[in-house]
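This report refers to the structure that appears directly beneath it.
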Amino acid sequence: MSKALATYFATIQDMPDTEFKVEILEDGPVKKVAVNGKVYEVDYNVGGDTIHSLIMNQKSHGVQISNTGDSVYDVQHKQDYFQVRVINELMKMRQSHTQSVAAGRQVIVAPMPGVILKVYVKPGDEVTKGSPLCVLVAMKMENEIKSPNDGVIKEVYIQEEGKVAVNEKMIVIE
């Protein structure tokens with residue numbers, strides 16, 4: 001198999017424990033794509049903001065794809081509906097690193113510069129892994145920042161409408 005031009009990882013909401021590795025092997029009018037190692041030739045056209053025509057194995061498929069934010073897409077094909085989360089290799093590495101070191105005191109920092117839209121926690125609040133901590137708006141997209149582990153909020157350095165810089169300390173959890 002040739003070296004991938006780009007690699008993505010996809011999970012479907014109804015199957016959270018199943019991950020699909022999607023590799024773009026050749027770019028051009030017809031793309032060569034590998035999904036979990038199985039290679040497909042894919043031709044597609046965009047017929048509007050959300051309508052895509054995919055041709056795979058000489059069979060045409062009309063698919064509606066809508067970006068709902070935070071790397072999540074609503075996908076509808078005929079009567080089938082899926083909510084798919086797609087991340088690139090860098091985000092996958094960051095998530096793996098965050099999951100492996102999420103123990104003890106956690107300092108939550110801004111992953112990008114932006115404005116705090118909402119703060120859900122205050123010092124003394126108990127949180128569980130995955131609990132929303134705040135919403136950071138960056139590049140017109142709302143990014144929900146979640147707790148990497150269970151713990152108690154020790155410090156909150158942010159406030160609603162406040163600006164943050166990349167890697168600026170926002171919240172401390174113990």
Side-chain angles (χ1 to χ4, degrees), residues 1-102 108-118 120 128-149 164-167:
M1 189 181 312
S2 50
K3 183 172 172 22
L5 301 173
T7 302
Y8 300 92
F9 298 89
T11 52
I12 298 173
Q13 183 181 29
D14 294 340
M15 302 167 39
D17 296 331
T18 303
E19 182 175 75
F20 299 91
K21 182 177 182 181
V22 180
E23 299 171 286
I24 309 299
L25 302 175
E26 290 180 14
D27 198 8
V30 175
K31 301 194 181 327
K32 195 172 276 190
V33 178
V35 178
N36 290 345
K38 186 172 180 183
V39 178
Y40 300 90
E41 287 189 358
V42 180
D43 186 6
Y44 73 92
N45 289 305
V46 179
D49 288 343
T50 63
I51 305 297
H52 299 263
S53 173
L54 299 172
I55 300 172
M56 292 176 51
N57 302 329
Q58 292 81 39
K59 192 170 181 183
S60 180
H61 304 274
V63 180
Q64 184 171 357
I65 304 172
S66 304
N67 184 340
T68 59
D70 199 24
S71 303
V72 176
Y73 299 85
D74 289 340
V75 179
Q76 186 171 355
H77 175 254
K78 296 182 183 176
Q79 301 303 318
D80 295 323
Y81 169 81
F82 306 95
Q83 193 168 58
V84 181
R85 182 162 190 261
V86 180
I87 58 172
N88 61 27
E89 282 183 294
L90 179 60
M91 186 61 76
K92 174 86 171 159
M93 279 192 328
R94 286 180 179 164
Q95 283 180 351
S96 297
H97 177 70
T98 300
Q99 290 168 355
S100 67
V101 298
I108 310 301
V109 298
M112 61 195 83
V115 175
I116 301 299
L117 178 65
K118 182 77 178 151
Y120 296 116
T128 57
K129 180 178 179 176
S131 296
L133 302 173
C134 66
V135 175
L136 170 67
V137 178
M139 300 187 320
K140 298 181 184 177
M141 291 194 56
E142 293 183 10
N143 302 282
E144 189 170 64
I145 308 299
K146 297 179 181 181
S147 177
N149 59 346
V164 292
V166 68
N167 293 326

Test side-chain contact (heavy atoms from CB on, under 4.5 Å) applied to Tyr120 and Leu133, step by step | CA-CA 5 Å; Tyr120 296 116; Leu133 302 173; 5.8 Å; no
Derivation of the side-chain contact (heavy atoms from CB on, under 4.5 Å) call for Ile55 and Val42 | CA-CA 6 Å; Ile55 300 172; Val42 180; over 6 Å; no
Tell me, with the steps shown, if Asp74 and Tyr81 meet side-chain contact (heavy atoms from CB on, under 4.5 Å).
-> CA-CA 7 Å; Asp74 289 340; Tyr81 169 81; 2.9 Å; yes
Full working for side-chain contact (heavy atoms from CB on, under 4.5 Å) between Asn143 and Met112 = CA-CA 10 Å; Asn143 302 282; Met112 61 195 83; 3.9 Å; yes
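Across Asp27 and Leu5, no two heavy atoms sit closer than the pair N-CD1, 3.6 Å. Among all heavy-atom pairs drawn from Ala10 and Val86, the shortest one is CB-CG2, 4.2 Å. Heavy atoms only, all atoms of each residue included: Val164 and Ala110 are closest at CG2-CB, 3.8 Å. Considering every non-hydrogen atom in both Thr7 and Lys21, the closest pair reads CG2-CE, 3.8 Å. Pairing each heavy atom of Tyr44 with each of Leu54, the nearest pair is CB-CD2, 3.3 Å. Here the shortest heavy-atom pairing between Gly130 and Lys146 reads O-CD, 3.5 Å.
Atoms CG and OG, from Asn45 and Ser53 in turn, are 6.0 Å apart once rounded to the nearest 0.5 Å. How far CG of Asn67 is from OH of Tyr73: 4.5 Å, rounded to the nearest 0.5 Å. Going from atom CG of Asn36 over to atom CD of Glu23 covers 9.0 Å, rounded to the nearest 0.5 Å. The CG atom of Leu117 sits 9.5 Å away from atom SG of Cys134, with the distance rounded to the nearest 0.5 Å. Note that the CD atom of Gln83 and the CD atom of Gln13 stand 4.5 Å from one another [nearest 0.5 Å]. Met91 CE to Ser71 OG: the interatomic distance, rounded to the nearest 0.5 Å, is 6.0 Å.
Within the 4.5 Å cutoff, no side-chain heavy atoms of Lys129 are placed close to those of Ser147. The closest side-chain heavy-atom distance from Val63 to Val75 is below 4.5 Å. The closest side-chain heavy-atom distance from Phe9 to Glu89 is below 4.5 Å. Between Val33 and Leu25, every side-chain heavy-atom pair lies at or beyond the 4.5 Å cut-off.
Note on Lys92 versus Glu19: salt bridge recorded, some NZ/NE/NH1/NH2 to OD/OE distance being below 4.0 Å.
The 12-atom threshold is exceeded at NZ of Lys31, counting heavy atoms of other residues, nucleotides or ligands nearer than 6.0 Å.
Listed by chain and residue number, His77 satisfy the ring-ring contact (aromatic ring centres under 6.0 Å, His included) test with His61 (two or more places apart in sequence, or in another chain).
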